[in-house]
Amino acid sequence: MRKEELRYLQRLAELYPTIGKASTEIINLQSILNLPKGTEHFLSDLHGEYEAFSHVLRNGSGAVRKKIDDVFGHTLSNSDKRALATLIYYPKDKIDVIKNEEEDMENWYKITLYRLIEVCKTTASKYTRSKVRKALPADYAYVIEELITEKAEVLDKEAYYDAIVNTIIQIGRAENFIIALAELIQRLVVDHLHILGDIYDRGPAPHFIMDRLMEYHSLDIQWGNHDVVWMGAAAGQQACIATVLRNSIRYGNLDILEDGYGINMLPLATFAMEVYGEDSCEIFSIKGSSDYNILEKELGKKMHKAIAVIQFKLEGKLVRKHREFQMEDRALLHRIDPKKGTIVMPDGKEYPLRDTKFPTVDWNHPYELTEGEREVMDKLSSAFRNCEKLQRHILFLLDKGGLYKAYNGNLLFHGSIPLNEDGTFREVQIYGKSYKGKELYDILEAYVRRAYYAVDKEEQKKGRDIMWYIWAAPNSPLFGKSKMSTFERYFIEDPATHEEKKNAYYRLWEKEEIVDQMLLEFGLDPEKGHIINGHVPVHQSEGESPVKCNGKVIVIDGGFCKAYRKVTGIAGYTLIYNSYGLTLCAHEPFTSKADAIAKETDIASNRVAVRYTPRRLLVGDTDTGYALKERIQELIQLLEAYRKGIIKEKSK
Ligand SMILES: O=P(O)(O)OC[C@H]1O[C@](O)(COP(=O)(O)O)[C@@H](O)[C@@H]1O
Ligand SMILES: [Mn+2]
């Protein structure tokens with residue numbers, strides 16, 4: 001035996017000091033390998049839609065309802081099943097409704113507790129006792145374990161359960177207990193959650209999504225371009241801050257910053273009034289502002305224009321500071337002819353501008369901020385960097401997230417892998433060195449982390465600037481389009497200038513040899529693996545399918561984002577990967593939580609694609625399973641070492 005091996009076994013022997021302990025562990029691990037694989041749940045492009053997100057999380061994309069069907073089959077009516085499902089999703093709110101309607105609450109508690117216990121038993125049966133135990137709410141851990149474990153020795157099981165249930169009701173704990181059981185079912189139905197990015201922007205409550213994710217039992221996050229621009233803002237990168245603000249103002253979502261994160265908008269509002277007071281700022285209207293009063297609308301437009309101009313200045317400066325970003329075409333202000341009111345675009349074509357008033361632009365130095373603009377940005381930078389709640393959310397993204405994830409044989413990322421037209425990986429220059437494929441992903445992620453953790457100030461700055469690059473660069477795997485035509489969409493009428501051409505990935509994803517090569521690049525088996533991504537809304541209403549390459553690539557951006565529903569025609573795709581295989585669900589729009597509770601409406605979900613595995617998948621087939629098998633091998637070696645007398649047992 002090699003020295004290192006012996007040293008390793010000696011360390012293992014500290015954990016399993018006897019033949020008995022090592023053997024028990026082998027048996028335990030072996031039995032876990034034979035349990036069914038836990039359910040993975042994939043969501044993407046949530047875009048601040050907290051209510052819809054929260055509902056899909058509660059119903060496990062239909063997994064809760066499926067369990068109810070499995071347990072009760074034809075023995076419960078459809079309406080009873082619906083009522084039970086609603087109770088599991090929203091236990092507290094639903095009980096409040098029932099209390100007003102039901103005459104015999106005691107009877108309702110009894111029936112409901114039995115039903116919930118049955119659903120709980122089935123959901124828990126696929127996990128080890130110890131895993132279930134960890135999921136149990138502390139107050140009721142012991143009783144729930146009693147109720148959901150089959151008792152072979154108890155002769156009159158019914159009487160035994162009856163006694164427990166009656167006591168729960170008599171001591172006035174039924175309501176609490178129902179809530180605990182419902183939450184336990186929600187938790188057990190999904191073992192692990194994947195969020196494929198774009199939690200932030202457009203919708204009203206990304207901060208609530210973040211709070212909810214922070215309490216979720218097991219998850220990973222693949223950052224989306226919209227998340228990275230918020231991360232950049234939180235690190236104080238000013239072009240990112242301006243972008244985050246512009247997006248929030250454009251969608252009438254300043255409350256997220258003001259109330260959600262406590263970031264003061266007064267400096268920007270005052271500045272906008274001072275500079276654009278007389279300007280109608282027509283092209284800077286606010287989406288969804290129908291419930292704004294006239295003053296709010298006017299102020300909103302002025303703030304929108306003020307921050308947009310600041311953004312274009314900061315971006316122009318940034319791309320000139322980093323020529324290697326190769327984004328000179330995003331520096332546009334110097335191309336404006338203020339006298340003619342036109343702009344000559346990088347392709348040489350001249351266009352009239354839809355707004356020609358630029359009171360803060362010095363045409364000799366068009367990218368310099370005025371003193372007023374600088375003051376606003378300095379205050380905002382400090383507000384973003386010192387916002388404790390935002391920093392907490394971003395640290396959580398850093399902790400649970402990354403740019404990609406290889407998980408149980410599948411490759412998960414938000415956007416794309418930059419490819420050349422011939423399908424080879426595109427070489428991309430990052431701060432003077434060339435990277436492609438997985439290495440490109442790795443170096444970009446390393447720079448993001450440096451923005452937060454590097455001690456070297458230069459590296460920190462590079463990290464901050466790279467976040468803006470990840471947000472908007474054509475060669476960024478998270479953006480992956482020829483340009484972000486924000487300026488053009490505000491200022492130029494001609495829609496041809498608005499076009500953002502998607503990179504070759506989005507055409508070549510139908511080609512099996514290219515998809516295989518991408519999976520291999522990330523160390524995955526092309527025979528078994530899938531690529532799962534979000535970012536580009538699937539135009540289902542135009543007949544586009546979320547499933548590419550015969551099911552090897554699955555795109556799950558389907559329109560949680562309300563603003564994009566016109567093109568998607570649905571309200572989001574989600575994916576479930578359980579022991580039977582992969583199921584892709586398309587969801588109908590979610591009206592509201594109030595409706596879901598009062599009318600017991602669920603999000604109607606259609607299974608649009610299913611890929612069954614030839615046999616039921618076990619923990620042994622997963623990444624955890626491989627790790628457990630390795631552990632078992634090591635423990636077997638330890639046993640041998642004990643038996644050969646190479647390592648001494650320690651009985652105490
Ligand atoms: O429609 P909006 O919110 O103004 O945003 C349009 C911009 O958003 C983007 O689509 C990026 O956002 P997504 O990552 O959600 O696609 C850009 O390509 C485009 O310029
Ligand atoms: Mn995106």
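We're numbering straight along the sequence, starting at 1. Because the structure is a prediction, the values reported are computed rather than measured. As the structure lists them, so they are numbered: ligands from 1, and atoms in each ligand from 1.
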TODO: Using the Mn ion (ligand 2) as the apex, give the angle to atoms NE2 (His414) and OD1 (Asn225), rounded to 10 degrees.
DONE: 90°
Task: Candidate pair Tyr367 and His334, rule side-chain hydrogen bond (donor to acceptor under 3.5 Å, both in side chains), full reasoning - done: CA-CA 8 Å; Tyr367 299 107; His334 71 284; 2.7 Å; yes
- [ ] For atom 2 (P) of ligand 1, grab the closest protein heavy atom and report residue, atom and distance to one decimal in Å.
- [x] Tyr251 OH, 3.4 Å
Open item on the list: Checking one value in my table: which N/O/S atom of His535 lies closest to the Mn ion (ligand 2)?
Closed with: ND1
Task: Donor + acceptor pair across side chains of Asn475, Arg426 (<3.5 Å) - done: yes
Task: Region of Arg202 engaging ligand 1 - heavy atom pairs below 4.0 Å - done: side chain
Open item on the list: Can you confirm, on distance only, whether ligand 1 has an N/O atom lying under 3.5 Å from any N/O atom belonging to His535?
Closed with: yes
Open item on the list: Glu499 vs Lys483, test: salt bridge (Lys or Arg N to Asp or Glu O under 4.0 Å). Steps then yes/no.
Closed with: CA-CA 8 Å; Glu499 199 201 350; Lys483 64 174 182 185; over 6 Å; no
Task: Nearest-0.5 Å distance that lies between atom NE2 in His530 and atom CG in Leu524 - done: 11.5 Å
Open item on the list: I need the contact type for Asn247 against ligand 1. Using non-hydrogen atoms and a strict under-4.0 Å cut-off, is it side chain, backbone, both or neither?
Closed with: neither
- [ ] First locate atom OG of Ser545, then atom NE2 of His539, and finally report the distance between them rounded to the nearest 0.5 Å.
- [x] 13.0 Å
Task: Thr497 side, atom OG1; Tyr351 side, atom OH - distance, nearest 0.5 Å - done: 6.0 Å
Open item on the list: Which of the numbered atoms in ligand 1 are under 4.0 angstrom from any heavy atom belonging to Asp198?
Closed with: 13 (P), 14 (O), 15 (O)
TODO: Anything under 30° is parallel, anything over 60° is perpendicular, the rest tilted; go ahead and classify Phe384 against Trp230.
DONE: tilted
Open item on the list: Just to confirm my output: which protein heavy-atom neighbour is closest to atom 6 (C) of ligand 1, and how far is it?
Closed with: Arg489 NH2, 3.2 Å
- [ ] Please determine if Asn225 has a nitrogen or oxygen closer than 3.5 Å to a nitrogen or oxygen of ligand 1.
- [x] yes
Task: atom 10 (O) of ligand 1: nearest protein contact (heavy atom, Å) - done: Lys481 NZ, 3.2 Å
Task: Parallel, tilted or perpendicular: ring planes of Tyr431 versus Phe325, cut at 30 and 60 degrees - done: tilted
Open item on the list: Show me which atoms of ligand 1 lie under 4.0 Å from any heavy atom of Met484.
Closed with: 20 (O)
Open item on the list: Among all protein heavy atoms in this structure, tell me which lies nearest to atom 18 (O) of ligand 1, with the distance rounded to 0.1 Å.
Closed with: Glu500 OE1, 2.4 Å
- [ ] Give the numbers and elements of all ligand 1 atoms closer than 4.0 Å to a heavy atom of His47.
- [x] 15 (O)
Open item on the list: Suppose we measure from atom 13 (P) of ligand 1 to each protein heavy atom; which comes out shortest, and what is that distance?
Closed with: His226 NE2, 3.3 Å
Open item on the list: As an exercise, state the distance from CD1 of Ile554 to OH of Tyr573, rounded to the nearest 0.5 Å.
Closed with: 11.5 Å
Task: Nitrogen or oxygen of Lys287 less than 3.5 angstrom from that of ligand 1 - done: no
Open item on the list: Quick check on ring pair (Phe, Tyr, Trp, His ring centres under 6.0 Å): which of Tyr407, Tyr216, Phe42 does His192 satisfy it with?
Closed with: Tyr407
Task: Atoms of ligand 1 close to Phe479 [distance to a heavy atom under 4.0 angstrom, numbered from 1] - done: 17 (C), 18 (O)
Open item on the list: Between ligand 1 and Arg250, is the shortest N or O to N or O distance under 3.5 Å?
Closed with: yes
Open item on the list: Between ligand 1 and Ser485, is the shortest N or O to N or O distance under 3.5 Å?
Closed with: no
TODO: Output the distance between atom NZ (Lys552) and atom CE (Met518), rounded to the nearest 0.5 Å.
DONE: 10.5 Å
TODO: Considering only non-hydrogen protein atoms, determine which one is nearest to atom 1 (O) of ligand 1 and report residue, atom name and distance to 0.1 Å.
DONE: Tyr564 OH, 2.7 Å
Open item on the list: Ignoring hydrogens and geometry beyond distance, is a side-chain donor-acceptor pair present between Arg385 and Ser381 at under 3.5 Å?
Closed with: no
TODO: Considering just N/O/S atoms, say which atom of Asp198 is closest to the Mn ion (ligand 2).
DONE: OD2
